[in-house]
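Structure first, commentary second.
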Amino acid sequence: MRQIRAVRDRFTRALRGHFTPTGAQPSPSRLMDTELCLYLLETVAPDQAASGVPALLDGYRALWDAVPHPPADAPVRLANARALLWRSQRPYGWDELLRDYLSAPEAVRGYHLDQLVRPIRRQCSVAADRWDWYEQLLTEPLPFATTGVRFAAPGRYRMSSTARGHGVTVPDNLPPAPAPALHDLAVRTRAPIEVRWQELVATARGMDAADLQAGRSSHRWEERLLDVTLQVRLADDTFGDATTLRVDRILHMVGMVSVGKSTLVAILATWAAQHDLRVTIVVGDNSAALRMAHELSRYDGVVAAPVMGQNRTRHAERLHRLQPPAPGRLLPSEPYGFDLVSTACPLDAVRGAPIPLEVREAPCQHLIETDPDAPVDGWRDGARRTCPLWYRCQRHEAARRLVTANVWIATPWSLVHTPVPGPLSHEQMRYLEAAWRRSDLILVDEADQVQANLDEMFASAQVLLGPSQEAWIDEIGARVAEKLRATGRAPVSSRQIRRFTTALNQARSAADIIYQLLQRDRVRAGKPVLNWLDPDYFTAWTLFNNLAQDWAGYTSKGRRPNPGWDNDELYKGS
């Protein structure tokens with residue numbers, strides 16, 4: 001989402017005529033990345049070994065124990081570096097990067113490494129301004145990469161989302177698209193928010209009146225809020241009743257189950273929207289987001305829209321399960337959300353093919369220009385284009401509503417994983433950063449559940465094999481095979497692609513062998529492998545811990561453990 005192309009281009013131009021990489025020597029871009037890592041180490045953790053760079057980028061604290069006085073701007077430098085240098089955070093590849101770096105001529109290198117241990121800065125006659133460039137990259141806000149959206153003109157296109165050779169001819173008589181409304185994602189000037197409790201009660205009373213006037217069933221907002229008692233922490237660490245709710249940066253509100261926390265979230269969001277504030281509410285799942293967006297949009301001054309993830313099929317299926325229609329009807333009596341989970345593709349109708357595209361095959365922003373002189377079965381790929389019907393497509397209605405909504409309702413997954421669509425923003429970013437930039441107030445309902453979801457995302461237990469679309473090896477393997485087949489295996493000319501496909505094939509082979517061992521273990525006496533497996537907690541650590549205990553003799557058939565057995569040198573050495 002961030003780009004440093006300008007600095008890369010300057011660095012590459014400065015090395016032109018002085019360095020032409022051969023063999024294992026790094027490209028100018030890779031040389032700059034490695035050198036930027038060493039510059040980060042020099043400015044944040046001076047006098048530390050170069051092998052510590054992955055620890056800096058990974059975020060672990062081990063290296064900081066050896067840094068007595070890190071600089072005050074270390075968090076900014078690390079944040080920028082982790083956004084730019086994520087490819088260098090794995091320790092098993094860092095040593096190879098250093099060796100490749102040292103294979104470049106000294107004239108173009110900014111550092112000398114003493115036995116691959118300590119980086120020592122050198123005086124450079126080539127790209128002498130590199131230190132100023134590195135300082136700028138690590139201390140100034142990083143610019144966003146631009147989307148560069150271009151809509152498909154009439155003509156023949158291929159759909160990159162499938163390997164079956166599907167194509168479409170965009171006609172020249174499509175209705176013109178409306179003028180686009182883009183997101184305003186400038187960072188808001190935020191101040192503490194204070195609201196008197198009686199103002200919230202008045203807001204709740206107005207919500208009840210709106211329900212009554214519209215003939216809707218009453219939510220009893222005022223009654224439910226009056227059952228809530230607000231207490232704040234006092235100077236002596238006790239809690240006392242309060243008449244004003246103040247949100248200054250981070251506020252953690254706690255309460256027993258069903259005391260009205262979610263009620264307060266809805267009323268506070270309505271009050272904020274009616275006072276020209278922008279709000280983001282984080283809920284547990286997309287169905288709850290759709291329901292809350294539907295309910296809050298009924299009230300004056302509130303324009304609520306959900307931030308939808310990309311798994312449109314799952315969203316639609318779950319919404320149908322939660323709202324079963326009455327016998328003889330297609331939709332429930334009071335449906336909500338169905339207009340925002342459409343799986344239709346209007347461009348698919350233009351194709352005129354007998355078999356419609358699958359939901360995930362819709363070429364929303366992935367139409368690829370083709371050579372009109374090429375044979376039908378011999379596509380010649382060009383630039384990617386966006387569907388000319390994007391601004392009218394029902395599939396993207398939720399995304400378009402977010403542009404003008406003053407209340408966003410999202411899930412942890414939709415914030416972290418979903419990018420802001422290119423047709424709605426000139427800059428590439430995820431909705432998480434967009435919500436931070438445009439929101440005056442972010443309300444997290446069920447914060448413990450949301451934290452657990454974030455933990456799962458960033459320290460996840462990934463499904464590798466299985467029938468679902470979440471099985472990583474099976475899903476990625478199928479897509480890679482389709483892509484290689486469709487392109488005549490041209491991508492394997494890239495060293496990076498070759499390494500990836502080799503690793504993927506080896507992972508699949510290893511997984512097949514593991515499954516084979518597990519199947520054999522079902523008929524073995526004692527089932528030694530299956531007995532190790534705990535469906536609630538099985539990781540690489542538990543596996544190797546069981547191996548170490550076995551080797552040290554601490555098994556069900558071995559010695560009985562005595563207190564302090566985990567200090568056994570044989571076990572620890574294993």
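Just so you know, residue 1 is the first one in the sequence shown, and it goes up from there.
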* **Backbone of Asp9 reached by a side-chain donor or acceptor of Thr12 within 3.5 Å** => no
* Report yes if the side chains of Thr34 and Pro26 come closer than 4.5 Å at any heavy-atom pair, otherwise no. => no
* May I ask you to test the Ser494-Phe500 pair for a side-chain heavy-atom distance under 4.5 Å? => no
* Looking at CD of Glu446 and CG of Asn453, how far apart are the two atoms once the value is rounded to the nearest 0.5 Å? -> 11.0 Å
* So do Val420 and Tyr431 actually touch side chain to side chain, heavy atoms under 4.5 Å? -> yes
* To do: Start with the C-alpha gap between Val108 and Gln25, add the side-chain angles, then the distance that decides, and say whether side-chain contact (heavy atoms from CB on, under 4.5 Å) holds.
  => CA-CA 12 Å; Val108 300; Gln25 291 180 334; over 6 Å; no
* Where Thr280 and Ser439 come nearest, the two heavy atoms and their spacing -> OG1-OG, 2.7 Å
* Find out whether Arg77 and Glu135 are in side-chain contact, i.e. whether some heavy atom of one side chain is under 4.5 Å from a heavy atom of the other. => yes
* Asked: Under 3.5 Å, side chain of Arg122 to main-chain N/O of Glu106, donor-acceptor pair present?
  -> yes
* If only atom types and distance count, is the side chain of Arg395 paired as donor or acceptor with the main-chain N or O of Ala362 below 3.5 Å? -> no
* Indicate yes or no: at least one non-hydrogen side-chain atom of Glu427 is less than 4.5 angstrom from one of His183. => no
* Structure fact -> Taking every heavy atom of Leu57 against every heavy atom of Leu85, the minimum-distance pair comes out as CD1-O, 3.5 Å
* Structure fact -> When rounded to the nearest 0.5 Å, the distance separating CZ of Arg8 from CG of Leu137 is 8.5 Å
* Asked: Side chains of Leu40 and Val53: closer than 4.5 Å at any heavy-atom pair?
  -> no
* **Closest heavy-atom pair and its distance - Leu441, Val247** => CD1-CG1, 3.9 Å
* Structure fact -> Taken to the nearest 0.5 Å, the spacing of Leu36 CG from Arg130 CZ works out to 11.5 Å
* To do: Could you tell me whether His426 atom NE2 has more than 12 heavy atoms of other residues or ligands within 6.0 Å of it?
  => no
* Look at Asp237 together with Arg233 and state whether they make a salt bridge at an N to O cut-off of under 4.0 Å. => yes
* To do: Spell out, as yes or no, whether a donor-acceptor pair under 3.5 Å connects the side chain of Asp474 to the backbone of Leu465.
  => no
* To do: Locate the shortest heavy-atom distance separating Ala304 from Ile409; write the atom from each residue and the value.
  => CB-CD1, 4.2 Å
* Describe, in one word, how the ring planes of Phe151 and Tyr391 are oriented to each other, choosing from parallel (under 30°), tilted (30 to 60°) and perpendicular (over 60°). => tilted
* Ignoring hydrogens and angles, tell me if any N or O in the side chain of Arg498 forms a donor-acceptor pair with the backbone of Ser493 under 3.5 Å. => yes
* Donor-acceptor side-chain pairing of Asp132 and Gln136 below 3.5 angstrom -> no
* Atom CZ of Arg437: over 12 foreign heavy atoms under 6.0 Å -> yes
* Could you tell me the separation between the CZ atom of Arg118 and the CG atom of Leu38, rounded to the nearest 0.5 Å? => 12.5 Å
* Leu245 and Ile193: side-chain contact (heavy atoms from CB on, under 4.5 Å), yes or no, with the steps? -> CA-CA 8 Å; Leu245 176 62; Ile193 296 175; over 6 Å; no
* Side chains of Cys37 and Trp94: closer than 4.5 Å at any heavy-atom pair? -> yes
* Would a 4.5 Å heavy-atom cut-off, applied to side chains only, mark Leu102 and Leu98 as touching? -> no
* **Ser414 side chain vs Val307 backbone, donor-acceptor pair below 3.5 Å** => yes
* To do: Classify the side-chain pair Glu35/Tyr111 by whether it contains a donor and acceptor separated by less than 3.5 Å.
  => no
* **Pro388 to Val170 - nearest heavy-atom pair and separation** => CG-CG1, 3.8 Å
* Asked: Should we say atom CZ of Arg150 is surrounded by more than 12 heavy atoms from elsewhere, each under 6.0 Å from it?
  -> no
* Asked: Looking only at atom types and distance, does a side-chain atom of Arg246 sit under 3.5 Å from a main-chain N or O of Pro192, one as donor and one as acceptor?
  -> no
* Is there a donor-acceptor contact under 3.5 Å from the side chain of Arg385 to the main chain of Ala153? -> no
* N/O donor-acceptor pair under 3.5 Å between Trp408 side chain and Leu402 backbone -> yes
* Asked: Between Thr43 and Tyr134, does a side-chain contact (heavy atoms from CB on, under 4.5 Å) hold up when you go through it step by step?
  -> CA-CA 11 Å; Thr43 55; Tyr134 298 162; over 6 Å; no
* To do: Begin with the C-alpha distance, continue with both residues' side-chain angles, and end with the deciding distance and a verdict on side-chain contact (heavy atoms from CB on, under 4.5 Å) for Asn286 and Met308.
  => CA-CA 7 Å; Asn286 276 288; Met308 301 296 295; 3.9 Å; yes
* To do: Give a yes or no answer on whether the side chain of Arg400 reaches the backbone of Trp390 with a donor-acceptor pair at less than 3.5 Å.
  => yes
* Asked: Between CG of Leu41 and OH of Tyr39, what distance do you get to the nearest 0.5 Å?
  -> 12.5 Å
* Within 45 degrees of the axis of the six-membered ring of Trp436 and under 6.0 Å from its centre: does Arg430 put its NZ or CZ there? -> no
* Measuring from Arg489:CZ to Leu484:CG, what's the distance to the nearest 0.5 Å? -> 5.5 Å
* **Where Ala104 and Leu31 come nearest, the two heavy atoms and their spacing** => CB-CD1, 3.6 Å
